[in-house]
Structure formats: structure tokens, C-alpha cells
Amino acid sequence: MDITLSVYRSQVKLCRVGKSLAQTAASRKLMKDLFKTYLEQRASPYSLIQKVGLSSNMLKMMVRKYSEQLVYQPIEEIQFWFTYSNGVFLEPGYPPLYYNRKSSQQRIAPNTTAVGAIGEGIAGFLAQRLYQARKLARPTYDYPDIVMAAGSSIYLIEAKATTNSVDQMQQVIKNELGRLCVYVSGCTHLAPQTEVVGILMATALINSNTYSTYITEIQL
Amino acid sequence: MSYIIPQKNFILAYVKEHLAHRDDISDTAIIADSIINDCLIELVKIQMRDIAGDTERLWPLRTSINILDEAINDVGTCLAEEKIWLGQLMSYYEEPICAQLKYIAKEMETLYEKLQNSRQNGDILERQFTFQDLDCNNLEVPFELISIGSPDNLDGLVVKPLIQSEFRINIDLVADIALIQGQWFPYDLIIQELVFVIDDDGTLFISTENFPETLLKTAYQTIQQLAMSLYKLDEQDASI
């Protein structure tokens, strides 16, 4: 089964003020909030750059290569999730499963390991295809998710994924962008001859065969 | 046409290039360079896995194997062979590398013992290797064909080139038998109903979940044919 992957891109270039905010944001909430506002104003709007047909074979291989957790058949897990969340379990032949409780804290959720694994697989796939980058390191339970190289450029890639709405994904991006900017700023200072690019890849799994990835490129 | 180098060589080459282009080569600056740190940790991790997966290496079944120390020594040797001089810094790196990897090393040592038992009991599939053909009219790169899954339930087939130096892949060589999708690695190579993936280190992969036996046999033959068609040495490398 092919998955249609829509790829959107935005770019953020940090000026001198931005770099200063990035450094102070790590220590003080006020500066963190100011930095968040600064990034929202500086980031270019997301524009669609590509629609890719992603074979399940390809995604399986990329999940094997880039996921940091043990997960069996993540694509099938997500397909199963969408079968339930699209109401199909009400039809005959499906198990009569109900998850709502009196307490609003009891909610059914998809397998987060599978969701995360797919996000990491797609991030690696797009970094290879779009930037012709090759994996240098996959930090184990550390930051960022992937370190890749293409020529003299280094790409620091952080992957996020969700089955929630695109609007909720945008909120995840806003929350994560500051941290990646701080890290890119630090790496750039320590290796000034190297072009260091931060890439936040946030994938929304819209349904079982439609995904959207929002790429935010950070450069100093 | 693309030139492929093994993953370890790629990382080593990058570290060498990265250090060569630094203005500030003071110890303090290099130690703080997170990219160098990440590369060294990755090299040690890869080496640990190679050690643990080496079927010909005989290990006593004791916990004093210390795969981590062995891997760090091996990586130090590789750096020296590539003339990547980290000098006294290598001893500095040992502590953070050990801190990052010591639990993973213990896990690998435990799994190694279980792997040996699984092989003895026939619980997992046998590994298969091709043999290098040094006939100069038919140069090829040796590779390993790996069946992923259990003997009753094959999840996939993987082909990994075994060469330790650079070799060529010319995707266009299979254009007459496969539909090629993608402008860069990883490429999809579609042959009838079979979809193979080729990655930037030369690895070939196909998922074989729920394949009937006849299709599985076809996949098995086709992936080997693809490897023999795609992996090429330059003629001057025939001495490898």
C-alpha cells in the first residue's frame, strides 16, 4: 500500500538578536516566551514543496534504520488505529471495544512507539531524499534524533509525529523549535567552519495512507 | 553512478575532514565539539555490534568479555590507521563514551549469549554468504543475504555488501528490468509485483510478510541478481 506524503517547508534564519535570545531562552522563562514570539515572526510560511508516494516497503526499511525503539509492524499498528478511530469497529465482525470512562483522563490512544517510529523513519527518508544527506550518528536516547552530513554541511534532525490534527502538530512545532535553535546555535559556535542546519520534521498521520510532514529549517 | 563506502568509513572520513577544516584545533574546542563526540560514540556502537554479531569469533560465555573496551581499542586503531590524530584526547573521550554505552554494552553481551544458544538450537535462520569472484571478466562485490524473521515466518530479505572499501552502484544498470523511483537514495526498484529498496550504504531490502512460497522464492532469487548487477568494483580494485 502506498502512502501519500505531502511535504511542507518553512525556513528560519536567526540574526544576531535571535542568537542572543536563543542563549538566554535556556535560562529564563521571559526570554523563552520572547524567543517563541520572535521565531513565529521570523519563520516563513509553510509551503508545499513535494508530494511523494511512499511505498510501505520503503517506510519499513526507514523505520528499521532510524527508529530508536523496538516496534513490530508500526504501519499496521497505525492502520489498525485508524480502523478503530474511524468508527469501523461498530460494524459486525469487529471486536466490541469501548474505551470511554467516567474520568476524562481515561482515553484511548494509538501506540505511541509506532507513531514515533514512523515519524523518525520519515524524517530519515526525507533527509536523505531532499538533502542527499547520509546518517552520521543516531544518538541513543539523546538529542537530537539524527545527525547527518551532506558535503560540508551537518544536519541536526529532530523528528516528531502525531495522529492528532495538523493544528495540534503546529503547536508541537512551536514548542520544540526553541530547543533546536538553542542547540544549533551552540554547535555552530563550536564548529564555525561547518554549516550547521537544524531540521525539525513534524509528521501528522492524517489517516492510514495520508501523511503530512512539516519541515522547519533553522540556519544561523 | 554513485560511489558507496561502508558506514564506518563514511564516519571516519567525515571526522577527518571536519578536523582538517577547523581553525581552532585546541583540545578544549575539539572536546566540546558535539559532532565529533556523536561520531566517536557511533563508531564505538557500530564496532560493538560487529563484534557481537561476528559468528566466527569464539567467546567464552563469561561476563568479563568487555565488548566496550574491545570496541574502543578497535576504533582507536581505525583512527590511527586513517591518520586521524586525536592525541591525548582519545583517553578523554573514553569516559563519556563509556558513560553513554556501558549499559548498551552489557545488553549486547547478554544478547550475544542468547544468540549463540539460538543458533545451536536452530531457532533462527542460517546466515548466507556469497563468495568473491575475482575473475577480472566478472568482477563483483561479496555480499551477505540475511533472512529476517523466524523459520516459520519470514519478514524480509536484506542484502549487505561485505566489502570494506569503496565500490560503485549504477542504478541505471537495472533500468531495463526495474522501474526506478526516487532521485536519490533510498530508491525503490520495482520488478513486477516486488518492491525492493536500495539505500546509501548499498543495502538492499524487501519485506516478505505473508508472501506465498513461490513469490518468496522469486524474491530470494531476484534480490541476489540485483546485488550482482548493482555492486561493481572498478577494475583497478580487482586486487581487493
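As a basis for the values below, the full set of heavy atoms in this structure was taken, side chains included, without hydrogen atoms, waters or symmetry mates. Within every chain, numbering begins at 1; the chains are lettered A, B, ... in the order of the sequence lines, protein sequences first and strands thereafter. Note that the coordinates shown come from a computational prediction; the quantities given were computed from them, not determined experimentally.
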Name the region of [X], side chain, backbone, both or neither, that has any atom closer than 4.5 Å to a heavy atom of chain B.
X: A:Thr140; result: both
X: A:Tyr143; result: neither
X: A:Ala127; result: neither
X: A:Tyr141; result: neither

Side chain, backbone, both or neither: which part of [X] has an atom under 4.5 Å from a heavy atom of chain A?
X: B:Ile206; answer: both
X: B:Ile148; answer: side chain
X: B:Gln100; answer: side chain
X: B:Ile46; answer: neither
X: B:Phe185; answer: both
X: B:Asp155; answer: side chain

Query raised in the report: Counting heavy-atom pairs under 4.5 Å to chain A, which of B:Asp200, B:Val197, B:Asp38 comes out on top?
Result: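 Greatest number of close heavy-atom pairs with chain A: B:Asp200.
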Report task. Look at the rings of A:Tyr84 and A:Trp81 and say which category their plane angle falls in: under 30° parallel, 30 to 60° tilted, over 60° perpendicular. Result ->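 Aromatic pair A:Tyr84/A:Trp81 classed tilted.
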Requested in this report: Fit a plane to each ring of A:Tyr214 and A:Tyr46, take the angle between them on a 0 to 90° scale, and name the class: parallel (under 30°), tilted (30 to 60°) or perpendicular (over 60°).
Outcome: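 Ring orientation, 0 to 90° scale: perpendicular.
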Query raised in the report: Which pair of heavy atoms, one from A:Ala22 and one from A:Val182, lies closest together, and at what distance?
Result: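 Scanning both residues, the minimum pair turns out to be O-CG2, 3.0 Å.
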Report task. Mind running side-chain hydrogen bond (donor to acceptor under 3.5 Å, both in side chains) on A:Gln128 and B:Asp199 for me, showing each step along the way? Result -> CA-CA 9 Å; A:Gln128 288 187 214; B:Asp199 202 5; 2.9 Å; yes
Most heavy-atom pairs under 4.5 angstrom with chain B, which of [options]?
options: A:Met58, A:Met62, A:Lys65; value: A:Met58
options: A:Ile154, A:Val147, A:Leu156; value: A:Ile154
options: A:Arg134, A:Lys135, A:Lys60, A:Arg138; value: A:Arg134

Over 12 non-hydrogen atoms of neighbours within 6.0 angstrom of [atom1] in [X]:
X: B:Glu107; atom1: CD; value: no
X: B:Lys16; atom1: NZ; value: yes
X: A:Leu48; atom1: CG; value: yes

Query raised in the report: Do A:Asn57 and A:Ser55 have side-chain N/O donor and acceptor atoms under 3.5 Å apart?
Result: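 Checked: A:Asn57/A:Ser55 side chains show no N/O donor-acceptor pair below 3.5 Å.
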Query raised in the report: Rounded to the nearest 0.5 Å, how far apart are CG of B:Leu68 and CD of B:Glu109?
Result: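 The distance works out to 8.5 Å.
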